[in-house]
Amino acid sequence: MLLHIDGGGIMSSVRNQQPKTINLTIDGKACSGVFGQTILEIARENGIYIPTMCYLTKTLPIASCRMCVVDVEGVEGMILSCQEKATDGAVIHTNNEELYKERQNIMKLYNVNHPLECGVCDKSGECDLQNKTMEFGVAQQNFTAKDVHRPVQNWGHVSYDPALCIMCEKCVRVSTEITGDEALKVKFGGYSSTIENVKIEENFATLGEAAAVCPVGALVDSNFKYTANAWELKQIPSSCPHCGAGHDVIYEIKHDKVYRMSNNAEFTTMCSASRYGYDFDNRDVTKDPNAFERAIEAFEEAGSILIAKETSNEEALIFQKLKEQRGYKLISPEARAYQKFMQAYSSITGKSLYSGDLDALRQSRAIIVLGTRINDDAPIIKYHINMASKREQARVAYMHPIEDSNIQNIVTQFIKYEAGSEEGVVALLAETLLRGVTLPESIKAVLNDLDIGNLSAESNVGEEELELLAKSLQKKQGFSLIVGEDLYGHPEATNIAKYIALIEKYAGFNVICVPPAGNAMGISMICDLDDDIEGKTIGYNLKGDFTLSALGDGDLDMPALNQQEGTLTGYNKRVVPLNVALPYGGYVLNDLANRLGLLAEYTIEYTEQLPTEKGFKAVKFDDLPDYFDLTGQEHRGYQLEVMDVDVNESIQEPQEIEGIDGAVVYTCNPQEHFSSFTGKSKNLPQEANLLGSAQFATAAKLRDGDTVEFTIGTTKFSRVFKIDTSLKGTIALNPTFDRGLSTPLLSSYRFNRLERVGS
């Protein structure tokens, strides 16, 4: 079996293979590249321009526009540089009279009957058709074709005008290869061909990603349409404040209002929460000196500070410094659960961070997802799993108590386990993946002593399912394991973390421990967090005895993350910059900190003070890069340093599983929502209902439309129950994005028995 390997692991052996270098000449310039790269890729790496219309760096070559044709000496005819692999010694010409005329004729075809409505088109000023028409001197159109009536179609978040469409197919590739909603298809019909939305009833917000790559005005965001011209908008680069990925975003502003969100769509993809959930700023705030003084008094009396995960690295450092100075307890439930998980994880690997990254995930041939509803919890990771599935034909095993219809198109094996049995499941998984691997005797002894039959029975994971999983990994290279938030709040999270870490260390898996959304990862690395509250509390975007709130409903207003400078830590282990997109007129945390004894003129003075012993770098905020180069290489902020950690390879056999009987509630937000900040967005209207199957309704004695009151921990919910026909079993989904300041104070384990009020 392929997994019978030495400690170096499969992934390390693959990464250590040295790619073959090739040399070629492009337009008289000596260039080098790697065997397997296309001519276009090597040209771009060397700063040589080749025009394209349909090419998109982040997808496979589309080859529909033919604008990228080049001449290769010794080869008859023009060559499509976007898909032709470069060969050693090739001599290539990217521009001559014949190539120019070919591209000019292509542009003439694109302009046949294209409506002359640039004055009102949303793409005007940033339109590839406009730019290339001028570049290739198409001043007039000498032929035409019989026009076809093509009405505009409203698809919800986006609208489609087939009369403007040039059939480049970029949107289809993004829908299929990247986001995986598979909503867009080409409806072939010669000159009458159009793009078709085959899942229009779903109203996918992910279609915003397809609109982002449209080179003309055919596919546009519905809420932006006819509101502003591109050249009127000021673009402010920043980072996603919602999903935890820290991916790039661009606020497009006019008159102190966000008109739309964009990104470097050629190379990267945004989560839908960022694209549409941008109107969460704390507006019309002025400084209230009386409230400020009450805040200072509250800090003098407080024993604990409650920190929401929507907190920048610099703000987290301020709280840590206040703790060191004044002895506060710092409470951040999700970040603390993740912190303890990663501490246990590191005790096995000897490294401060998990090994995995998104590039390796995208290139994986086999992927296991465990302990997360990945489509909703981490859309950017789901996109990369989809890319691996579509490009590498990766096998994807999804292990979870709830089957997810949204990812059925990429999952090759669904393994259902009982809620609460995660410790037994990871032990079974580790035993399966580590068979025959050279292990320390103490670890081998624990794995050998596992009662496989009992664990299988208690978790409801069949031994034959694990054998099928193991067989699917044979003769494959490049393995990834994605684990998530279901595990961090589990009562046995520490031991679970160690079993997962064994798989990284000894089976060579590319492992990503997906942090909770927001900036939970950054907070967990910067703050010395506590488990128990003592004394009176200050709440930072959480409800406390005195509340500092960017939601506008606290005792003292604070700026939202789109009104601040600072940094976030994304789950690709990169520290990325936040910039001020919208004005804010009130006090900030730094004002309070200065009154309490810390001294910094601006919050961003703490950027270079982030703890280097935790892997941060002593870089000033203004020195942080924030761009992508021509090849798509990211130069935003910096990568965290991986620090060495003391190793203690002790693991325990799983505890006896205490199942959760009857109707169960799973705390989970829909894909477009991560917190009360996205819940504020007018562009993301969504009812916060309890969603369950007909089977759940029977178990809970509910009917569709009933209002049910229940508690999770000390938090009371009143929800309208709705039957969701895509769900199965007796577990219902309960969102929290509408809960305001109280959201993160829920029980940290995501599965809970339905405890109805009054029952």
Side-chain angles (χ1 to χ4, degrees), residues 11-12 14-16 45 57-58 237-241 243-249 263-264 267-271 312-314 316-317 335 338-339 342 345-346 349-364 378 380-381 383-384 478 480-482 501 504-505 509-526 565-579 604 606-645:
M11 290 299 294
S12 58
V14 173
R15 288 171 175 170
N16 288 336
E45 285 183 357
T57 303
K58 65 186 180 183
S238 193
S239 302
C240 175
C243 76
H247 58 77
D248 74 299
V249 301
N263 64 319
N264 289 278
F267 312 120
T268 67
T269 306
M270 263 204 294
C271 71
S312 72
N313 289 328
E314 289 73 16
L317 183 57
Y338 187 70
Q339 183 181 68
M342 288 309 302
Y345 192 93
S346 298
T349 64
K351 302 296 180 183
S352 58
L353 301 169
Y354 48 79
S355 65
D357 60 56
L358 295 177
D359 285 340
L361 174 59
R362 185 179 66 245
Q363 298 169 38
S364 296
I380 299 298
I381 287 183
Y383 297 162
H384 282 75
S480 287
L481 172 60
I482 310 301
E504 173 187 315
K505 186 172 184 177
F509 272 67
N510 171 69
V511 178
I512 298 178
C513 302
V514 185
N519 191 37
M521 185 172 182
I523 297 167
S524 73
M525 295 179 68
I526 295 165
E565 286 184 313
T567 59
L568 301 173
T569 305
Y571 49 59
N572 215 28
K573 299 170 290 187
R574 181 175 285 275
V575 178
V576 292
L578 287 169
N579 288 303
I604 55 172
Y606 290 103
T607 304
E608 62 183 309
Q609 299 179 38
L610 294 172
T612 55
E613 69 276 10
K614 301 293 183 64
F616 293 91
K617 298 180 181 179
V619 181
K620 293 181 179 180
F621 178 82
D622 290 335
D623 293 336
L624 294 174
D626 193 2
Y627 69 96
F628 291 83
D629 63 27
L630 291 174
T631 66
Q633 186 68 35
E634 185 175 17
H635 302 273
R636 298 176 56 244
Y638 58 81
Q639 287 290 138
L640 288 164
E641 297 285 350
V642 179
M643 313 303 290
D644 290 332
V645 176

Using the test side chain to side chain donor-acceptor pair (under 3.5 Å), find all partners of [X] that sit at least two apart in sequence or belong to another chain.
X    : answer
E45  : Q37
S239 : R636
Y345 : E504
T268 : D248, N263

Taking side chain to side chain contact (heavy atoms under 4.5 Å, CB included) as the test, write out the residues that go with [X], two or more places apart.
X    : value
F267 : T57, N264, F628
Q339 : R336, Q343, S524, L529
A520 : K309, A335, P516

Run the salt bridge (charged side-chain N to carboxylate O under 4.0 Å, His left out) test against K573 and tell me which residues pass, sequence neighbours left out.
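Expected list: none.
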Legend entry - Partner set under salt bridge (charged side-chain N to carboxylate O under 4.0 Å, His left out) for D359, not counting sequence neighbours: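 Testing D359 for salt bridge (charged side-chain N to carboxylate O under 4.0 Å, His left out), a comparison that skips the adjacent residues, returns R362.
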Task: Counterpart residues, ring-ring contact (aromatic ring centres under 6.0 Å, His included), relative to Y338 (two or more places apart) - done: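 For Y338 the ring-ring contact (aromatic ring centres under 6.0 Å, His included) partners, ignoring immediate neighbours, are Y488.
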| task | Measure the spacing between OH of Y606 and CG of N313 and express it to the nearest 0.5 Å. | result |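 Result: 14.0 Å between the selected atoms.
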Report, one line per pair, each donor and acceptor closer than 3.5 Å where one atom sits in a side chain of residues 608-625; sequence neighbours left out.
from, atom 1, to, atom 2, distance (Å)
Q609, NE2, E605, O, 3.3
K614, NZ, M525, O, 3.1

Can you see which heavy atom on T569 is nearest to which on G522, and at what distance?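 Here T569 and G522 meet closest at OG1-CA, 3.5 Å.
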